Structure formats: C-alpha cells, structure tokens
Peer 1: 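Encoded as structure tokens, here's the structure I'll be asking about.
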Amino acid sequence: MNLFFVVLIPFLGAGLAAWVSRFGRLQSAWMAGGVTLVALIALTPSLPAPFLGETLVQRIPWIPALGLDLVLRLDGLGLLFALMVLGMGLLVILYARYYLAERDCMGRFYGYLLLFMGSMLGIVLSENLILLLMFWELTSLSSFLLISYWQHREDARTGARMALAVTGLGGLAMLGGFVLLGEMVGSYDLSVVLANGELIRSDPLYTPMLVLILLGAFTKSAQFPFHFWLPHAMAAPTPVSAYLHSATLVKAGVFLLARLFPVLSGTSQWSILVIGAGLATLLIGAYFALFKHDIKGLLAYSTISHLGLITLLFGIGTPLAAVAGVFHIINHATFKASLFMAAGIIDHECGTRDMRRINGLWRYMPYTGTLAMVAAAAMAGVPLFNGFLSKEMFFGETVTFSANHTWDWLLPAAVVVAGIFAVAYSLRFIHDVFFNGDPIDLPKTPHEPPRWMKVPVEILVAICLLVGILPAFTVAPLLYVAATGVLQTAPPDYDLAIWHGVNAALIMSVIALIGGILIYAGRRPLFNLATKLEGLLDARAVFDGLLKGLLALAGAVTRILDTGSLQRMLLVFILSALTLGTVGFLGGGAPLTGDRDLLPADAVSLLVTIALIIVALWTVVLHRRRLTALIVMGALGLLVSLIFVKFSAPDLALTQLSVEVVTIVLLLLALYFLPQYSPAESSWPRRVRDIGVACLAGGGAAALTWSVLTRPYESIADYFLENSVPGGGGANVVNVILVDFRGFDTLGEISVLALAGLGIYAMLKDLRLPGPTCDARGRPWNWDMHPVIMAALTRLLLPLALLVSAFIFLRGHNLPGGGFIAGLITAIALIMQYLANGVEWTHVRMTSNLHPVIGAGLLIGLLTGLASLVFGYPFLTSAFTHVHWPVIGDFELASAIAFDLGVYLVVVGATLLILVHLGLMHHASHPGEQEPNHA
Amino acid sequence: MPFDAANLFPILPEIAILVTASVVLVLDLYLKEKDKDINHTLTLIGLLVAIGLTGAVGGGDARVVFDGNVVRDGLTDLLRGAILVVSLLAFVYARPWLKDRGLFVGEFYVLGLFAILGMLIMVSANSFLTIYLGLELQALSLYALVAFDRDSKKGAEAAMKYFVLGALGSGMLLYGVSMIYGATGSIEFGPVAQAVAEQGMDNKVLVFGVVFLVIGVGFKFGAVPFHMWVPDIYEGAPTPAVLLLGSAPKIAAFALAIRMLVDGLEAIQPDWQGMLLILAVLSMGLGNLVAIAQTNIKRMLAYSTISHVGFIFLGLLAGSAQGYASAMFYAIVYAVMSTGAFGILLILSRKGFDAENLDDLKGLNDRDSWYAAMMALVMFSMAGVPPTVGFMAKLLVLESVVRIDLVWLALVAVAFSIIGAFYYLRVVKVIYFDKPDPDMPVLTTSGGVRFAMSLNGLSLLALGLFPATLLSWCQSVFV
C-alpha cells in the first residue's frame, strides 16, 4: 500500500506545512522538504519493480456499486514522473525558501505547493481513469492557488483565472472522453484499457472520444490554440513557474499522451490532430520566444515550443518517436527548471525581468551566468548537453516519418526552422542578459545570490551535463523502463551515443545552430514584424472574444426570454403544452376517435350545445363589461344543469343550480369593489395572437374530450347504482354516496367548509372598504336602498323557501335533494332578506352569530359517525328503517339523515357567514357609522 | 370496512410532522414575543423525531397500506430521510434572518412543516390521488411562504406568479391523471402499470395523459420550457422561503417523477423518454447560458437549478435502474448543495440588508474565511469539480446516458457543464479576489449556524471522497 502513502503524504503535509508556519517563517520550508523526503522514502520499496519489468497495482475498494476502486499503478512511466515530481519538488522547496520575500506567507506557499505535488503524484500513479481525472482537476485547482499566490497583483489574478478556466474546462471535456473510453472497454482501469487498443481504435466513437481526451491534454500542455494561458501564468512566483512549467503541470498533458499512446495512436485522426497541434505549437512558441523582452516570457514561450516538440513526437506515432518523446520530457524538465531558477535569481537580484534593461550581468554574477549558459546550451541543442541528444532523435524521426509521404521535405524543414529559432532565443537569453553592454537603470545592484539558492540550479545543470556526455551511464536505465511503460512492451533498439556519423539529423542540427546565430545577429528588423504577428496569433484575443460572445449571447437570450411578464410566461407555458400534446398526438399510431358507438344527435342536445357555444362566446365578447359577463356566465351554469337534466341526473342538476346561484352572488359581492369595466390593455396584434392561442388550446381540449368520450370505459357508477338501495337504503345515489359510501369524505369536506367560513370571517370581520355609491355623474345608484315591494315580497317568500328546503332535505335520500342542496336553498332565502331589507333589519330579527350553527352541524355529523361505533360497526355505518307516519304515509328513516342534517347546518352557516360578511365590508351596509376620512 | 391501526405504523414520520405542525400552530397563539424561540425548538425536535422514526419504520420489504394508496419502500425511506435532513438545515439557517426582520413568527414554521408534510406524502404515495394531495399540500404552503413577507412588493408579485403558474401546472398534472384513469380504470400505480403494459401506446387517451403528466413533472422540477416561475420566485421571495422551496422540493419532485413515470408508466418508457430528453437539453442549455448573464445571485442560482434539473432528467430518461439511481443521487446531492448556497446568502444578510447580488459576496474571504471556504466548496460542487460530490453526481448521470448509447447527449451535457462552470467559478473569484466594501459590517453568526454550515459544506467533500454508501443506498432502491 506504499503507493497510497506516496500520494497521501503530500496532502497531509500541506496542512502541516501551513500549520507550522505559526512557529516561524522557515518552519514551513523545513516541513515541506521533510514531507517530500518522506514521500520519496515511501516510494523506494517499489522502485525495483519497474526495473524488473513488473507493473505494481494497489487497490482499495471505493465505490463497489460502480466498479470504481481507488487503484494506483506504478510502471516505468509512472516511476519516471513520480521521481521528477518529487525530486524537482525538493529542489524547488529549497530554492523558494531563499526566493520568497519576508512579507510573503511561507505557510500558504508550501501548503499550496504540497497540495499540488500530491495531485500531480495522483495523476501519474493512477490506475483508474476517473481517479486520474479527479487528480487532474485538483492540479488545475492547486495550480490556480499557486499562480494567484500574490493575490494583490492584478496580473496574478487574471493569469490564475485564465489557467484555471482553460485547464479546468479541458479537464471536463476529458471527462466526456474518459466516459466514452470506459464504455468502450467496460472498465476504467488502465490495465484493461491498455490491453484493448484494437477494440478502441475500431470503435465508431473513437473520433469524438479522441478529440475530447486530446482537448484535455492540449489545454493542460498549452498546445496551440490553447497555449495562451501559459505566458499569463508567469505572474506566479518564479519557483512556482520552475516547478509547474518544467516537470509537472504542463507535463501532465504529455504524460496523458504517453499514457494512452498504445491505445490511441496509430490512426490517421491521431496523426493529423496531434502532429498538427504539436507542429503549430512548436513553431509559434519558438518564434515568439525570441521577441519577448521579459525573461520569463521568453522561457514561457520556449516551454510552449518544447511541449509542442514532445507532442509532435508522440503524434508521429512510431515506437522510436515515443522513446524520443520520453527522453525529451526528462531533458526539458532539467534544463527548463534550471533556466527558470536562474531567471528567478536574476529577477531577485536585479528587481526587474526586462531584458532591455538587464545587460552585462557577467561582471556581477559570473557563477550564475555559467550555470545559465550550460542550461541554455542544452535548450538550444548544443552537442555535449542533454538537449542535443533528444533533439537529434527528434530530427531523425521527422526525417524517417516524412520519407513515406509526398511533401517529404516539409516537416523536416519546419522543425529546422523551429530549431533555428530555438538557438536564437537561447542565444538571446545569454547574450542579452550577461553581455551586450551595461545594465540600464536597475532597481537593485546585482550580485551573486546566497549559496543555497544556487544549489538546486547546480544539481540540475550537473544532470544536464552528465546526461549529455554520459547518457549510457546515467539516464539509460530510467529511459528504458519509462519507454517500456509508455509502449507497454519492450522498446525497439535505439542508440544514445553522441556521435552517429554524418546523417540527416546532424546536418539539421548544424543548420539550426548556424541559422540561429544568424537570425539572432539580424534580429532587429524582425522585432517589428513580431509585434504585428503577435496580435494576429494571440489566442488570448480569441479566448476573450469567445467569452465576450458568450456573455453577449447570454444577455440576448435573457432579454428575450427572461422578461418577468406573467403573460409571456403563460404564453410559453401553453404553447409548450400544445407542442408536446401535438407531438404526442402525431407520435402514437392510435386514431383520435375511439371505437365506441356514437349516440344519435337529438334536437334538444343540439339546441343546448349550440346555446352553450353561443353563450360561451358571448361571455368572451362581453368580458370587459364585468357585471354583464357575470350574468351571462350564470346562464352558462344554467345550461350545464340543463344538460344534466337531459342525461337523467336531476340530483346533479339541482346541485349545479343552487351552487351556481350562490357563486354568482359571491362574485357579485366581490365585483362591487372592482371597476365596472376592464380596460383593453393589449394591442391589436397581441389580441389576435391571443385569440389564436386560445383557439388552439380550446381545440386541443376539445380533441381530448372527443377522444375520451368516444372510448368505452368502465364506470364505477354501476357499483353505486347496484348497492345504493341495499347498502345505503336510498335511491338517490348522489346523496347516498355523500352521506354513506363516502360519508367520511363528506365529514372532511364540511369541516373544510366550516373552516373556510371561519377563516373568511376572521379576515373580513372589521374590514370596511369604501365602495362606490354613485355613478360617474354623481347620481346615487339607487334612491331607495330597500324598495318596499321587493322587501315585502321576499318577506313573504321566506316561509315558502324554508318549506321547500325542508321538503328537499327530507326527500333527499331517495329523490333528488339532500342536505347540501337544502342548505344552499335556505342560505339563499336568508341572503335575500339581507339584500332586500338591509343588515340592520335582518339582524334585529335573526341572530348574526352563525358560529353555533356551524358548530352544531359539525357536532351532529361527528356524533352520528361515532354512534355507529357504539353499536360495534365501523365509523359512520348507516342504518335505516321504515316508519309509518299518519297522514304522510310510509317514511324511511335512515341514520344517514342525521348526518345529512349536520351537512345542512354547516352549509347554511358557512354560506351565510361568508356572504354576509362580504356584504358587510361595504360602508353602505353600515348606515349608522361615519364614512371614514380618506383624505 | 374496518380500519386497521397497523396502517398508521409506516407513516409515523408523517404523523410526527403533522403533530409538530399542529402543536406549533396552536401554541404560537399563546406565545409571547420573546418566547417565539419555542416554535423553533419544537420544529427542530419534531424534525429530529421524524428522522428517528424514518429510521425506525424503514428497511425491509415494501409495505402497502391505506388500501393501496400509500407505500413504504426503499425509495420512501431514503427520500424521506433526505428531505427531513435538508429541511432541518434550512430551519437552522433561517432563524437569524427571521429574527432580524421581525418575521420570527409561528406561521413560517407551520407553513414550512406543512410543506414538508406534503413532500413526505409525495414520496410515500402509491396512487395518483395521494401523490397529487401531497403535491398540492406542498405547493399551497410554498405559495404562502413566498408571500410571507407581506410588506415586500416583490414577494407579493412572485407569489402571485407562482400561484397562477403553479395552479396551471397542477391543473395539467391533474388533467393527465384523469386521462390515465380514463384509459386504465385505476389510480393506483400497480394496476395502472399493468393496464399500460397491456395497452401500450395504442390508446390515444393514454398518450395525452402521459404528455400532461410530463408537463406537470417538468413544471414542478422547473424544467425548460416550464421554468419561467423559477427565476422570478427565487429573486422575489424572501430568502428563507427560497431556501425551503429550492432544496427539498427537488427531492420530492424526483419522487413525483419516479412514482408516476416509473412505477406507473414504465411500460411506455420510450414515449416519455423523448419528451424528457427535450426538456433535459433545453434545461441544461438555457439554464447555463442565462445564468451567466445574471448579476443577482439568487437569480443566478435559479437558473443553475434549471440546469441541474436537466442533469437529473438525464438519469431519469436513461430508463435503467442505474439511471434512476444516479438521478436520485443527483437530486439528493443537489438539495444539499442548494441548501448550502442559500444558507450562505442568509448568513450574509442582516437587518435591512439582503445578500442578493454577486457583489454582496465580495471579499467574503477577508470577512470570514471559513464561510468563504464553505461557499467555495458549494460552488465547486455545483460546477462538478472533483473531488466534490457534484463531480460524482455528474459522472454517474453521464455514464447512465452513455450506457444507452446516447453519446451525443452526454457530449451536449459536458459542453453545457463547461459553460456552467464559468459562472460558478466567477462566484469563487468574487469571494477570494475582490475586496469587500469598506462599510461592510463584521459577520455575526451563532455557533449553531456555523456548525450546520460546516456540516453542510464538508458533507459535499466527504460525499465526493466516499460516495459509496449513499450510492449503494440509491442503487438498492432500484434493483
């Protein structure tokens, strides 16, 4: 399990390093170094395995349900990278201890650094693709923290954000690619993936998968056109740049290319994409590096260029090219890190990084100058330095690759051009900084840095030299296992010797060296051209443009769709519903009309239907005149009750009729306080549109109704029709359902009705609203609030109405009627008294306190239900018997009638309560009170 | 027929919430202004008891009670627990806000508890009728909560819109239910499923029924094009109300979808799959795109909700056990994230000031670095950055889509989540890089809120690192 410790230790150490900073500035540096050493020690037991040709896989169950485990793997490639990450980490930790200024918080720096180190180790040691991706995103996050370390600086913040945006988003794209890859082979484990190259390359989804994964790799490795974030990330402290841009962050992308090389490479898509991106990056990076005045800018673009070189090598796709790629990864890491550190020393000692001002430093720091010269020579590809070896191999590979293609000179020519520029910018780094006259106006007087700040550079430069001169005794074994790890098989024969005789590669190297010197000598006119070109090729502008475009698009969509208008929302809602309905309608094969036989259309139904349509249309036409429209609506309700009568449902008709009357009265009372007319607010085109939408929606609803009505259905009515008399003792099915079959529901409903009544009462109790009593010309609406004839008539009507309601109530169980309807009739009769005679007159004769009525109703209903429990039956079981009354005759008495009485009382009480208090809101109902002053 | 008291056993958590709501309702009448904390304490106790009861009655085989109208199965147990825990956090966050504004009254708790009761009923419904009842109980309580701050014009407008559109949405749903009933002759999921399996799509009425059900589900989730209520309500409603209606109801909506579409209509899955697909793509696209343009963070979170709904739909439309489990995982995780995000907004608000704009988060790191870290965690999780749980959730739904060979859909989803990451990271940038306005007062919070928020934020990290338990629970529901 030691691999888990290797990955975990830096994460734990990050917390520790941040914590110990409270005991002194330098404690964090010690802690970070110690942690890295411990991680290195944890790695040692596994070191021999790759050299023995083994691949270590260590596994901890993680999400078994998904087949995902925490799996780490160590093979040659992983080992190489792990050593680079840890080794370079140690050097950078040492270097940064001297680099960081007094005011910089050490704890935060080393914490972030270790966090990053752990994430990077996670990437290179992951066996599982998903795990790899998680660490991948963690490196994006932790590098974001590192780049933005100097938070007070604007450029650091922008640079960090850009790096995070580009690499993080690339990682998300890679996620898509990994999911596809995992689906192809059925596992996210690398061992499985690497063993199924054929399967993957022949998959129809190979191309999208490849593009997505390459997006991830290219963004991370700053390949064209995603290279622009890297120069902006130079705002980071130099140790960070030295770490991130030599051995770690940007190498993650090429690591991935190397990791998946055996399965992804070897197709034309791979060649085109990877070679194309690599070559473009190589050239663009080399070209711009020459013309940067900022030392770190120069190094940034040269890094981009070298990453392009490595990518290009993997793109070529031959095993030998892959070996060269791995070799250059090692070499680039060493010389680039030492160059960054040298640049950091120069920056540290001079206080600026502008090469137009830093000149002639040789006199002040010859030792650093020597180190930088060695590293720069390696970068330029001068013989006897390590860069030369891998560059030779690179040149050789391009020639071999082109041999089989038409335009065979193009690729070698292009890479020679890149080589020329590489020599030129390396030369500039040395000549401009250390020679070329005297320093101009430096903020500090330069001198050699502290002893230990140079040590990391010395070590790296030593490696450059040793590898360059004695490759077989130094790098060869490591390169061999790493190449084996990449290819997943023994690499082909290759020769690390410095001298291969005069061949194409050597000639190319010589051309590059001579050409580079010439270009550098004649660089002045080229600077102008470069500034012009930079604007064209800087993909940052594209990035910013894309961002701006996205924002503009988002803004536009928001303006169109997000207006906050309820009408608009309803329109979209209804249209969407219509669309989905239409899709459903067209989609299914079934016809709209069902197979049920249609009834013949008789005259009455036809007339009623026509009347219904006309009245409905009339309501729409009149809807601005509210009162009239309301009365027409009443007619609509009456027509509906006629339909009930036609289809032999007199009880329903009666209910509909009484409910209709009460609701109209209710609405009238509410309308009293509202304007008489609704103004026309929308324009004509809009109204036409709305009419169209309404017609469509209405048509849709009609079609639906049609399709429902033309289909046979099994109604539950049969059950009730059969069981109404034997089970409930009543022939009026509706009433029997209400008081017997669904008695419990009715009890609930009347409770709700009672609560609603009380709620409205509570809200309206002391509310007084000024309502109009005069029309527009100041004439009172009526001269006599309570016309005598009407008052007298309603008084006469009252006993009659009450009698009717008693009749309806008693016959309810068997004939149309019942407590509910009777209650409504009583309520209407009493409301009439209020309307005709006024509140005062009525309240003298009748209690205004309706709460006892409602309470009594509920109590009766509940007690009836409980009574059945006493007799050992379930709640609300009804019993019935027949009694013979003199005069009237045979009469059926059911216990349900008591329950119905409860319903009756609640309906009367609640309806009256609501309507009376709605009426009482108006000032005119309180002639005794003063009009409130609304001034 | 005789009533068996054993029916009550599986719904003990619901009963506990009902009792708590009733007690708070009545007790509140007699509480003095300074004693209103009792409401709060009682509510929390009630929720804790309900969580305990969920555990006590949970587990084991599914039990159908109340004549087939109510069921207690794995789905019920897990979703009940999630709803209750998330709501518990919401009440903890809401308290200081309510106190500052003189809105610390019993109604908030009563309405909130009734909304929770509605959600619980939804997750344990076994018939269209029961689920509709639960839905309406939840919706009506939430309408009132949106208008809870009666002096706020924006709140009133939002409530009005919510009510009008919500009534329309519920109406559509009910319309669909009635058609399903007409086509199958039953409102219980089991018999409906049987009848649907026999008829297939030969019945036009059934087709329309499904369309309207999907519209209803889409509305309750807030999926495009039935999303219009979401941004306005999020922006206009008082933040505690948004907290309540933006978190747990998503879990309930998930239950609504699973119960109706899967339990009842799985036989015609190919037909509703297409509709969900449209809604999912539209939601992810529009949600992410429009969120970028928002400067009001509540509105931005509203659009982010819409886009997350698209992701939940991805899992649902996959039509596989794995897909449903991943959608469930996503829904629960989203509820936790959204609670955290709105919780932070509540913490940042104080008397006379509501944290509403992106700028109000400026320099949160300088004002309180712990809350800043928690908010950053929430944002990273919403963006789907590993190792937070948001990444796992996204990964799971993507995988379920790829498994049914809808690769293009997975790619579209990835593309939109890349766009989405942009605005979440902008929040992080504002928190860490921008300087706070100098006149910003010191953040004051209670220990309880800090504890709850820490739990909330860290759970996103912990679930991301160890998702196995929650995931296996989700998967065990759909075997």
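Residue numbering restarts at 1 for every chain, and letters A, B, ... go by the order of the sequence lines. Computed over heavy atoms, backbone and side chain alike; hydrogens, waters and symmetry mates excluded. Model, not experiment: these values are computed from the prediction.
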Peer 1: Less than 4.5 Å to any heavy atom of chain B: does that hold for the side chain of Arg161(A), its backbone, both, or neither?
Peer 2: side chain
Peer 1: At a 4.5 Å cut-off on heavy atoms, which part of Ala701(A) comes close to chain B: side chain, backbone, both, or neither?
Peer 2: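 For Ala701(A), the contact with chain B is made by backbone and side chain together.
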Peer 1: Quick one: which of Arg157(A), Arg559(A), His152(A) has the most heavy-atom pairs under 4.5 Å with chain B, could you say?
Peer 2: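 Of the options given, most contacts go to Arg157(A).
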Peer 1: Could you tell me which non-hydrogen atom of Ala293(B) sits nearest to which non-hydrogen atom of Thr558(A), and how far apart they are?
Peer 2: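 Closest approach of Ala293(B) to Thr558(A), heavy atoms only: CB-OG1, 3.5 Å.
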Peer 1: To the nearest 0.5 Å, what is the distance between OG (Ser576(A)) and CE (Met172(B))?
Peer 2: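 Nearest 0.5 Å value for the OG-CE distance: 9.0 Å.
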Peer 1: Heavy-atom distances under 4.5 Å only: say whether Leu175(A) touches chain B with side chain, backbone, both or neither.
Peer 2: side chain
Peer 1: Within this structure, what is the CD1-CG distance for the pair Ile418(B) and Leu215(A), rounded to the nearest 0.5 Å?
Peer 2: 7.5 Å
Peer 1: Just how far is it from atom CG of Leu169(A) to atom CD1 of Ile419(B), taken to the nearest 0.5 Å?
Peer 2: 10.0 Å
Peer 1: Chain B heavy atoms under 4.5 Å from Leu580(A): which part of the residue, side chain, backbone, both or neither?
Peer 2: both
Peer 1: Where does Gln475(B) contact chain A at under 4.5 Å (heavy atoms): side chain, backbone, both or neither?
Peer 2: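 Just the side chain, heavy atoms under 4.5 Å.
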Peer 1: For a side chain to side chain contact (heavy atoms under 4.5 Å, CB included) check, start with the C-alpha distance between Phe212(B) and Leu704(A), then their side-chain angles and the critical distance, and finish with the verdict.
Peer 2: CA-CA 11 Å; Phe212(B) 283 105; Leu704(A) 276 174; 3.4 Å; yes
Peer 1: Counting N and O atoms only, with roles assigned by atom type, does the side chain of Trp62(A) sit under 3.5 Å from a partner on the main chain of Pro467(B), one being a donor and the other an acceptor?
Peer 2: no
Peer 1: Can you name the nearest heavy-atom pair linking Phe573(A) to Gly169(B), along with the distance?
Peer 2: CZ-CA, 3.9 Å
Peer 1: Could you grab the distance from atom CZ of Phe422(B) to atom CG of Leu547(A), nearest 0.5 Å is fine?
Peer 2: 4.0 Å
Peer 1: Side chain, backbone, both or neither: which part of Leu396(B) has a non-hydrogen atom closer than 4.5 Å to chain A?
Peer 2: side chain
Peer 1: Is there a side chain to side chain contact (heavy atoms under 4.5 Å, CB included) between Met569(A) and Asp232(B)? Walk through the geometry before answering.
Peer 2: CA-CA 11 Å; Met569(A) 294 179 188; Asp232(B) 283 22; 3.1 Å; yes
Peer 1: Just how far is it from atom CG of Leu165(B) to atom CG of Leu566(A), taken to the nearest 0.5 Å?
Peer 2: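 Interatomic distance, Leu165(B) CG to Leu566(A) CG, rounded to 0.5 Å: 5.5 Å.
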Peer 1: Against chain A, label Arg403(B) side chain, backbone, both or neither, depending on which of its atoms sit under 4.5 Å from a heavy atom there.
Peer 2: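 Answer is both: backbone and side chain atoms of Arg403(B) are under 4.5 Å from chain A.
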Peer 1: Please assess Met134(A) against Met392(B) for the test side chain to side chain contact (heavy atoms under 4.5 Å, CB included), listing each intermediate value before the final yes or no.
Peer 2: CA-CA 10 Å; Met134(A) 295 183 70; Met392(B) 271 297 151; 4.1 Å; yes
Peer 1: Identify which part of Val290(B) has an atom lying under 4.5 Å from any heavy atom of chain A, answering side chain, backbone, both or neither.
Peer 2: both
Peer 1: Measure distances from Tyr175(B) to the heavy atoms of chain A and classify the residue's part below 4.5 Å as side chain, backbone, both or neither.
Peer 2: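 Interface part for Tyr175(B): side chain.
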Peer 1: Taking C-beta and beyond as the side chain, do Leu289(B) and Leu550(A) meet within less than 4.5 Å on heavy atoms?
Peer 2: yes
Peer 1: Please rank Leu395(B), Leu398(B), Leu425(B) by heavy-atom pairs under 4.5 Å with chain A and give me the top one.
Peer 2: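 The option with the most such pairs is Leu395(B).
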Peer 1: Would you say Phe11(A) has more than 12 foreign heavy atoms packed within less than 6.0 Å of its CZ?
Peer 2: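 Counting neighbours around CZ of Phe11(A), more than 12 heavy atoms of other residues, nucleotides or ligands fall under 6.0 Å, so yes.
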Peer 1: If I measure from the heavy atoms of chain A, does Gln294(B) come under 4.5 Å with its side chain, its backbone, both, or neither?
Peer 2: side chain
Peer 1: Please classify the contact between Ala165(A) and chain B as side chain, backbone, both or neither, with a heavy-atom cut-off of under 4.5 Å.
Peer 2: neither
Peer 1: Atom CZ of residue position Arg153(A) - does it have more than 12 heavy atoms of other residues, nucleotides or ligands inside 6.0 Å?
Peer 2: yes
Peer 1: Go through the steps for Leu411(B) and Leu212(A) under the test side chain to side chain contact (heavy atoms under 4.5 Å, CB included), then give the verdict.
Peer 2: CA-CA 9 Å; Leu411(B) 296 186; Leu212(A) 287 173; 3.1 Å; yes
Peer 1: Which distance, rounded to the nearest 0.5 Å, do you find between the OG1 of Thr388(B) and the CD of Glu137(A)?
Peer 2: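 If we round to the nearest 0.5 Å, Thr388(B):OG1 and Glu137(A):CD are 9.5 Å apart.
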Peer 1: Any idea which heavy atoms bring Val205(B) and Ser707(A) closest together, and the distance?
Peer 2: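 Here Val205(B) and Ser707(A) meet closest at CG2-O, 3.7 Å.
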Peer 1: Identify which part of Lys161(B) has an atom lying under 4.5 Å from any heavy atom of chain A, answering side chain, backbone, both or neither.
Peer 2: both
Peer 1: Among the options Leu286(B), Thr469(B), Val402(B), pick out the one with the most heavy-atom pairs lying under 4.5 Å from chain A.
Peer 2: Val402(B)
Peer 1: Please name the pair of heavy atoms, one in Leu172(A) and one in Val414(B), separated by the smallest distance, quoted to 0.1 Å.
Peer 2: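 So the minimum-distance heavy-atom pair works out to O-CG1, 3.5 Å.
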Peer 1: Output the option from Val428(B), Leu465(B), Leu471(B) having the highest count of non-hydrogen pairs under 4.5 Å with chain A.
Peer 2: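 Result: the option with the highest number of such pairs is Leu465(B).
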Peer 1: Give, as side chain, backbone, both or neither, the part of Phe144(A) having an atom under 4.5 angstrom from any heavy atom of chain B.
Peer 2: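 Side chain only.
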Peer 1: So which part of Leu70(A) gets closer than 4.5 Å to some heavy atom of chain B, the side chain, the backbone, both or neither?
Peer 2: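 For Leu70(A), no heavy atom lies under 4.5 Å from chain B.
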